[in-house]
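All heavy atoms count here, side chains included; hydrogens, waters and symmetry mates do not. Given the structure is predicted, the values throughout are model-derived calculations rather than measurements.
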Amino acid sequence: MRAGGILKLAALVSVFFLAVFLAFQLLEINMDFNLGNVFGSMPVEEGPTRQERYKCGLSKPCPEGHFSFKMASGAASVVGPKICLEDNILMSGVKNNVGRGINIALVNGKTGDLIKTDYFDMWAGDVNTLITFLKTIEEGTVVMMATFDDSASKLNDESKKMIGELGSSSISTLGFRDNWIFVGGKGIKTKSPFEQHIKNNADTNKYEGWPEVLEMEGCIPQRQE
């Protein structure tokens with residue numbers, strides 16, 4: 001092959017590679033431009049709005065000067081009751097401070113601080129221990145009660161009267177294995193609005209031999225005196 005032909009071939013090859021290089025450069029610029037347009041025009045999807053959580057898992061916050069509470073009765077003879085106040089679990093099976101009968105948490109009506117908790121077996125226990133406990137409750141104390149299994153068999157007129165004086169409307173009709181939850185107070189002048197009671201009825205019971213679990217939430221006015 002003559003020298004002239006070799007030079008022509010080299011020139012063609014050079015032109016070819018230069019054309020390919022320029023084509024790729026233009027393609028890259030074009031792709032960047034197009035992708036920029038695509039991503040720039042795409043709507044930014046926002047994550048789901050985080051639902052605000054209120055104390056004790058309430059559905060809405062309590063107004064100032066009120067204590068948030070949520071509570072549940074026991075489930076049959078298996079799961080104990082649960083009492084929460086101001087986002088603090090006062091009584092539960094996890095805390096291992098609940099038992100068969102009437103479960104009680106006493107709270108300072110001014111500060112919301114827990115005073116004490118206890119439970120009283122009203123199937124095999126002595127009602128006098130409950131009566132003694134109720135007599136120690138001081139004026140202005142918030143009293144929270146929840147049943148577990150049987151809480152009525154050993155109750156007598158004296159104990160029912162004392163609980164009624166705390167604001168309960170249902171204690172006089174509490175029967176064997178009924179479910180009952182209640183928030184009252186020592187020195188309350190009216191009946192409490194915070195009370196639920198469901199009878200043990202074989203025709204309507206959710207569990208065999210026991211009614212369904214009761215749940216209640218609300219806002220307890222803070223004692224101002």
Side-chain angles (χ1 to χ4, degrees), residues 55-59 62 67-109 112-125 127 129-131 133-134 136-137 141-155 159-160 162-186 188 191-201 205-207 209-220:
K55 292 178 181 179
C56 292
L58 265 65
S59 56
C62 287
F67 300 125
S68 303
F69 83 91
K70 190 171 186 176
M71 60 195 306
S73 67
S77 61
V78 181
V79 180
K82 185 175 182 179
I83 299 176
C84 176
L85 182 81
E86 286 293 285
D87 232 15
N88 296 313
I89 304 300
L90 307 184
M91 302 187 76
S92 71
V94 174
K95 291 181 71 72
N96 197 30
N97 63 348
V98 297
R100 181 173 64 183
I102 298 180
N103 294 260
I104 306 177
L106 302 182
V107 175
N108 186 303
D113 294 334
L114 177 65
I115 298 172
K116 67 170 68 172
T117 65
D118 210 337
Y119 59 89
F120 301 89
D121 187 347
M122 293 293 99
W123 169 253
V127 69
T129 60
L130 171 61
I131 291 172
F133 179 88
L134 294 174
T136 67
I137 301 175
T141 300
V142 174
V143 183
M144 310 179 77
M145 300 186 175
T147 58
F148 182 27
D149 196 359
D150 176 41
S151 59
S153 292
K154 291 292 184 71
L155 286 179
S159 58
K160 289 180 179 180
M162 295 179 73
I163 295 173
E165 290 172 349
L166 297 173
S168 172
S169 301
S170 301
I171 189 63
S172 60
T173 58
L174 191 66
F176 173 68
R177 286 185 177 175
D178 287 0
N179 269 345
W180 173 67
I181 47 180
F182 163 70
V183 178
K186 185 65 175 286
I188 190 171
K191 291 301 181 182
S192 171
F194 304 121
E195 185 171 30
Q196 291 188 24
H197 177 209
I198 184 170
K199 298 294 290 182
N200 169 25
N201 186 321
N205 282 347
K206 183 173 182 178
Y207 311 104
W210 290 270
E212 64 183 283
V213 173
L214 290 177
E215 293 184 325
M216 179 170 62
E217 64 177 52
C219 305
I220 304 169

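Residues passing the side chain to side chain contact (heavy atoms under 4.5 Å, CB included) test with Asp178, sequence neighbours excluded: Leu174, His197, Lys199, Asn200. With sequence neighbours excluded, no residue forms a salt bridge (Lys or Arg N to Asp or Glu O under 4.0 Å) with Lys191. Here Lys154 pairs with nothing under the salt bridge (Lys or Arg N to Asp or Glu O under 4.0 Å) rule; sequence neighbours left out. With sequence neighbours left out, Phe194 forms a ring pair (Phe, Tyr, Trp, His ring centres under 6.0 Å) with Phe69. Checked against side chain to side chain contact (heavy atoms under 4.5 Å, CB included), Ser172 has no partners two or more places apart in sequence or in another chain. A search for salt bridge (Lys or Arg N to Asp or Glu O under 4.0 Å) contacts involving Glu212 returns nothing, not counting sequence neighbours. With sequence neighbours excluded, the residues that form a side chain to side chain contact (heavy atoms under 4.5 Å, CB included) with Cys62 are Leu58, His66, Ser68, Cys219. Residues meeting the salt bridge (Lys or Arg N to Asp or Glu O under 4.0 Å) test with Asp113, sequence neighbours left out: none. Not counting sequence neighbours, Asn201 has no partner by the side-chain hydrogen bond (donor to acceptor under 3.5 Å, both in side chains) test. Residues forming a side chain to side chain contact (heavy atoms under 4.5 Å, CB included) with Glu165 (at least two apart in sequence, or on another chain): Lys161.
Using a 4.5 Å heavy-atom cutoff, the side chains of Ile171 and Leu166 are not in contact. Residues Asp121 and Thr129 form no side-chain contact, since every pair of their non-hydrogen atoms from C-beta on lies 4.5 Å or further apart. By the 4.5 Å heavy-atom criterion applied to side chains, Val94 and Ile89 are not counted as neighbours.
Here the shortest heavy-atom pairing between Ala124 and Arg100 reads CB-NH2, 3.7 Å. Minimum heavy-atom separation, Ile198 to Pro211: CG2-CB, 3.9 Å. Between Ser159 and Leu134, the closest heavy-atom pair is O-CD1, 4.2 Å.
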* To do: Report the C-alpha separation of Ser170 and Phe182 in whole Å, then their side-chain angles, then the decisive distance to 0.1 Å, and conclude whether the side-chain contact (heavy atoms from CB on, under 4.5 Å) test is met.
  => CA-CA 9 Å; Ser170 301; Phe182 163 70; over 6 Å; no

* Worked check of side-chain contact (heavy atoms from CB on, under 4.5 Å) between Cys56 and Glu217 -> CA-CA 9 Å; Cys56 292; Glu217 64 177 52; over 6 Å; no

* **Residues Ile83, Val98; criterion side-chain contact (heavy atoms from CB on, under 4.5 Å); working and verdict** => CA-CA 10 Å; Ile83 299 176; Val98 297; over 6 Å; no

* Could you go step by step and tell me if Phe67 and Val107 meet the side-chain contact (heavy atoms from CB on, under 4.5 Å) rule? -> CA-CA 11 Å; Phe67 300 125; Val107 175; 5.6 Å; no

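One N or O on the side chain of Asn97 and one on the backbone of Leu90 form a donor-acceptor pair closer than 3.5 Å. Formation of a donor-acceptor pair under 3.5 Å by the Glu86 side chain with backbone atoms of Gly112 is not found in this model. Between the Thr141 side chain and the Lys186 main chain, no donor and acceptor come within less than 3.5 Å of each other.
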Can you give each donor-acceptor pair under 3.5 Å made by side-chain atoms of residues 142-150, sequence neighbours left out, with the distance rounded to 0.1 Å?
from   : atom 1 : to     : atom 2 : distance (Å)
Thr147 : OG1    : Trp180 : N      : 2.9
Thr147 : OG1    : Trp180 : O      : 3.3
Asp149 : OD1    : Trp210 : NE1    : 3.0
Asp150 : OD1    : Ala152 : N      : 3.3
Asp150 : OD1    : Arg177 : N      : 3.3
Asp150 : OD2    : Ser153 : OG     : 2.6

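Taking NZ from Lys206 and CG from Asn179, the interatomic distance works out to 11.0 Å, rounded to the nearest 0.5 Å. Atom NZ of Lys82 and atom CG of Asn103 lie 14.0 Å apart (nearest 0.5 Å). Rounding to the nearest 0.5 Å places CD of Gln196 at 4.5 Å from CD1 of Ile181. Taking CG of Leu130 as the start and CD1 of Ile163 as the end, the distance is 5.5 Å to the nearest 0.5 Å.
Pairs engaging residues 72-94 under the ring-ring contact (aromatic ring centres under 6.0 Å, His included) rule: none recorded [sequence neighbours left out].
Within a 6.0 Å radius of CZ in Phe120, other residues, nucleotides and ligands contribute more than 12 heavy atoms.
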